[in-house]
Structure formats: C-alpha cells, structure tokens
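Inspection log for the structure reproduced underneath, given as structure tokens.
Remember, it's a predicted structure, so these values are computed and weren't measured experimentally.
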Amino acid sequence: MRTRTLLSIMGSNSASETAGKPIRCQAAVCRKAGEPLIIEEIEVAPPTSWEVRIKILCTSLCHSDVTFWKLSAGPVSAFPRILGHEAAGVVESVGENVEEVKEGDIVIPVFQRNCGECRDCKCPKGNICSKFPEDFYCGMPRDGSSRFKDKNGEKLYHTLCVSSFTEYTVVDVTHVVKMNPDFPIDKASLLSCGVSTGLGAAWRVADIEEGSTVAIFGLGAVGLAVVQGAKLRGAAKIIGVDLNPEKIEIGKKFGLTDFINPTTCGEKSTSQIIKEMTDGGADYCFECIGLASLMQEAFTSSRKGTGKTVILGIEMHGTPLSINPYELAAGKTITGSMFGGVKAKVDIPIFANQYLNNDLNLEGFITHEGNFEDINKAFDLLEAGKTLRCIIWMGK
C-alpha cells in the first residue's frame with residue numbers, strides 16, 4: 001500500500017505554467033447511466049472568480065458515486081458527466097477573490113460547501129450553507145455552468161460540485177478544505193466524504209455520551225466510521241447490523257462490541273434483539289444504507305423516552321418513512337443528517353489532527369488500490385461488497 005505524503009509526490013512548487021489557460025488532460029467520463037466509464041481526453045477551463053483548479057492526486061469511490069452513475073432520470077441525472085467526489089490534490093491555480101488557498105497548497109474538495117459567512121454556516125447547530133440560493137449538482141454552484149468539455153467541444157456535466165474522476169477539476173472555494181502538506185495523500189482523500197460523515201454523525205449530530213449504547217445499521221465505510229466515532233466518544237456497547245458476516249472482524253478493528261446478522265435472527269426482529277441487548281433499546285441508532293424499512297427498524301430499536309435515531313443513508317427509491325406518533329410523543333427522536341453535520345473547513349482539520357495523534361484508524365478503510373485505468377474495477381468491487389474504499393492513484 002502506497003502511503004505517501006503530498007509533499008513527497010509533488011516536491012517543491014514553482015510558478016504554474018498553465019494558470020489562466022485551458023488544460024487538456026485525461027478523465028473517466030460516464031456517457032450513459034450504468035455504462036462503464038471511458039477514459040478520454042477532455043479540456044478543463046481555468047478557474048473564474050471564487051474558483052480553484054485542482055490537480056487531483058488520488059480519488060476514491062463512494063456509494064453515492066454508484067447512485068449517480070445509475071441514475072437515469074430526475075433533476076440530478078445528466079450525461080455525459082464526470083463523477084467522483086472523494087479526493088485529494090494540489091492547487092494548480094486560483095481565480096480572482098480567492099485568498100484562503102494558493103497555488104501549491106494541498107487541498108481536499110468536499111461536496112458540502114462551507115462558506116463560513118452565511119447565517120447557517122455561523123450557526124453551531126447544523127452544517128447547511130445558504131451562500132447560494134440553490135444547489136447545482138450538475139454544474140458550478142454559483143451559475144450552474146460547466147468547466148469541462150470533451151475533445152469535440154461538447155459540454156460535460158459536473159457531479160456534486162466536485163467531479164474528481166479527472167486529472168484536473170475546478171471547484172468553488174466554498175467546497176475546498178486546505179490540508180497539512182505532511183498529511184498522507186490517501187488518508188486525506190478519505191476525509192473528504194464517507195469517513196468524515198460517520199465521525200461527524202457520532203460527534204456532532206448524536207453527541208454520544210460516555211457509557212451509551214449504540215446500534216449502527218449498515219457497516220460500510222460510513223457505518224464503520226460511526227463505530228469508530230462512538231468508540232472515541234466512550235460508548236459502552238456498539239452493535240453493528242449487517243448481512244455480511246465478514247463485517248464482524250472488520251468492525252472489531254474500529255470498536256464494534258456486538259454484531260447482528262438479520263438473516264440469522266430466527267423469528268425475532270432485529271429491533272427485538274437490540275432491545276434485549278440494551279435493556280429496552282439503544283440510546284443512539286444510525287441508519288447508514290438508505291432504505292426506508294431500515295430507517296423504521298432503527299427507530300423502533302431506539303430507547304423509549306430518550307432514544308435518538310440519526311438517518312445518514314439517502315432513500316433513493318421514493319419510499320416514504322412511517323413513524324408511530326405515539327413513540328415520538330414518548331420522547332424518541334429521529335433526525336436527518338447531511339455529511340454527518342460536519343462543517344468542512346472547521347471539522348476536517350480536527351479529524352486530521354486526531355489521525356496524526358494516532359486516535360483515528362484511517363488505514364483500515366483502505367482495502368484496495370489501483371491506477372486510473374482501473375477505475376471500473378473499483379465500481380465492480382464496491383457493488384459486490386468486497387471493498388470499503390479503493391484508492392485510485394492518478395499518476396502511475
């Protein structure tokens with residue numbers, strides 16, 4: 001496994017010869033929903049005001065990328081497009097009005113913007129940024145336009161304001177987090193989405209207390225990050241729920257104390273077993289898959305009166321969630337969360353320091369690595385449930 005710092009990859013920085021000019025580079029383009037990505041030459045425009053052009057050094061694959069890859073209809077479905085939103089890289093150039101980063105800085109792009117100036121960014125309760133009137137999932141956030149063209153001059157759409165499956169990308173400065181140049185590049189990529197989501201959910205959204213009982217539904221990268229976050233917060237019992245029995249040993253490495261496979265529960269429901277294990281229900285439940293039925297089971301598994309359920313998975317099938325109002329009246333709560341409540345520019349540096357202080361296990365999330373031309377193999381591995389995170393190195 002190639003654990004390298006960003007400085008060891010880039011060496012010393014010099015004045016950019018490409019600043020202000022279009023760059024022709026390689027990108028993995030998705031031309032039709034569900035079809036293999038095609039590595040082809042594209043043109044990346046220079047950054048305009050408030051924008052940053054980033055040379056991507058490595059990127060990783062998240063389940064959300066698979067969702068957007070398969071999405072053939074709806075307002076956020078647009079093809080051809082460049083997927084990807086977990087990555088780390090170096091600033092190649094910046095547009096006007098950009099002051100917080102400069103050429104040569106090490107950064108990670110994040111899909112959840114954080115301007116630090118609007119009313120919502122200044123509010124300690126959440127992490128939704130209202131800098132712009134609406135979200136552009138297929139273009140730049142300020143105007144919805146594209147910075148990508150294919151070799152024929154045709155527009156390529158963006159994904160989640162990041163689009164990291166390309167050697168160069170352009171990102172609004174509100175979607176950029178500056179990193180310590182000594183931080184390992186592959187670990188930096190992990191913090192740009194999934195791992196930070198799980199850690200933030202345990203810390204910011206749930207605010208787990210020492211001695212609490214916790215149940216996590218779905219032990220992918222996000223779920224395992226919740227496990228680790230719960231351990232760091234001092235939870236006494238951390239129960240993982242997953243159909244894959246291999247997640248037992250994997251989960252233990254992050255702090256899992258108990259495991260439930262719903263297919264081996266016999267006549268009992270998962271919620272019944274959790275209530276038996278926790279003397280009435282878990283203090284905190286987390287749904288990390290995105291299924292309404294599982295959200296319901298998580299809520300049912302939480303403790304009457306004080307139980308809190310945090311929804312991290314996004315229900316993409318349009319299935320409504322039905323909650324018993326009597327359980328709500330009794331004091332149980334349920335809340336949604338985007339990016340684990342993390343304010344990117346504030347919280348990700350904290351996670352990075354926790355790793356440097358040996359408090360976080362980030363190595364355990366990296367199960368595969370490959371070169372850029374292997375990116376379709378990463379999709380296959382993730383769909384088969386055989387990987388947590390596959391790091392794709394842009395340079396051989």
Side-chain angles (χ1 to χ4, degrees), residues 62-64 66-67 70-71 74 126 128 194 197-198 200-202 204-209 212-227 229-230 235 237-245 247-248 251 256-341 385:
C62 171
H63 275 286
S64 295
V66 176
T67 298
K70 292 182 176 180
L71 207 59
I128 299 300
T197 296
R204 269 196 171 274
V205 183
D207 193 18
I208 295 173
E209 302 100 347
S212 300
T213 55
V214 179
I216 298 107
F217 291 73
L219 296 178
V222 172
L224 290 171
V226 175
V227 170
K237 185 179 287 290
I238 306 173
I239 306 165
V241 181
D242 203 286
L243 298 175
N244 185 352
K247 295 295 178 70
I248 300 175
L256 198 69
T257 62
D258 298 87
F259 181 83
I260 298 173
N261 184 336
T263 64
T264 63
C265 293
E267 296 181 356
K268 291 185 178 181
S269 66
T270 301
S271 59
Q272 286 177 306
I273 294 176
I274 290 176
K275 287 179 179 179
E276 291 174 1
M277 296 173 66
T278 58
D279 190 25
D283 297 309
Y284 299 97
C285 292
F286 298 82
E287 198 280 345
C288 305
I289 300 296
L291 292 173
S293 59
L294 208 55
M295 296 173 189
Q296 175 70 56
E297 190 75 357
F299 182 73
T300 304
S301 302
S302 65
R303 191 171 192 80
K304 184 178 180 179
T306 58
K308 185 172 186 177
T309 301
V310 180
I311 305 301
L312 296 177
I314 298 177
E315 169 59 72
M316 300 299 292
H317 302 92
T319 306
L321 176 61
S322 178
I323 296 297
N324 187 332
Y326 291 103
E327 292 191 83
L328 290 174
K332 294 172 67 170
T333 60
I334 184 168
T335 183
S337 172
M338 184 67 72
F339 198 31

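You'll find the side chain of Ile216 reaches within 4.5 Å of the side chain of Ile238, heavy atoms only. Residues Thr309 and Glu287 fail the side-chain proximity criterion, which asks for heavy atoms closer than 4.5 Å.
Within a 6.0 Å radius of CD1 in Ile314, other residues, nucleotides and ligands contribute 12 heavy atoms or fewer.
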TODO: Decide yes or no on side chain to side chain contact (heavy atoms under 4.5 Å, CB included) for Val226 and Tyr284, but give the supporting numbers first.
DONE: CA-CA 11 Å; Val226 175; Tyr284 299 97; over 6 Å; no
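In terms of the side chain to side chain contact (heavy atoms under 4.5 Å, CB included) criterion, residue partners of Ser337 (sequence neighbours excluded) are, by chain and number, Val205, Val310, Leu312. Every side chain to side chain contact (heavy atoms under 4.5 Å, CB included) that Ile260 has, sequence neighbours left out, goes to Ile239, Val241, Cys265, Thr270, Ile273, Ile274, Met277. For Asn324, the side chain to side chain donor-acceptor pair (under 3.5 Å) test picks out no residue, with sequence neighbours left out. Residues passing the salt bridge (charged side-chain N to carboxylate O under 4.0 Å, His left out) test with Glu327 are Lys332, sequence neighbours excluded. The salt bridge (charged side-chain N to carboxylate O under 4.0 Å, His left out) search around Lys304 returns none, not counting sequence neighbours. The side chain to side chain contact (heavy atoms under 4.5 Å, CB included) search around Ser269 returns Ser271, Gln272, Glu297, not counting sequence neighbours. In terms of the side chain to side chain donor-acceptor pair (under 3.5 Å) criterion, Asn244 has no residue partners (sequence neighbours excluded). Under the side chain to side chain contact (heavy atoms under 4.5 Å, CB included) criterion, Thr264 pairs with Asn261, not counting sequence neighbours. Listed by chain and number, the residues in a side chain to side chain donor-acceptor pair (under 3.5 Å) with Thr213 are Asp283 (sequence neighbours excluded). Scored by the side chain to side chain donor-acceptor pair (under 3.5 Å) test, Lys308 finds no partners at all (sequence neighbours excluded).
For the atom pair CG (Leu328) and CD1 (Ile334), the distance works out to 8.0 Å, reported to the nearest 0.5 Å. Rounding to the nearest 0.5 Å gives a distance of 11.0 Å between CZ of Phe217 and CG of Asp242.
Each salt bridge (Lys or Arg N to Asp or Glu O under 4.0 Å) pair with one or both residues in residues 269-282, not counting sequence neighbours, appears once here: Lys268-Glu276. Residue pairs meeting the salt bridge (Lys or Arg N to Asp or Glu O under 4.0 Å) criterion with at least one partner in residues 309-326, sequence neighbours excluded, do not occur; the list is empty.
In this structure a side-chain-to-backbone donor-acceptor pair under 3.5 Å is present from Lys247 to Leu219.
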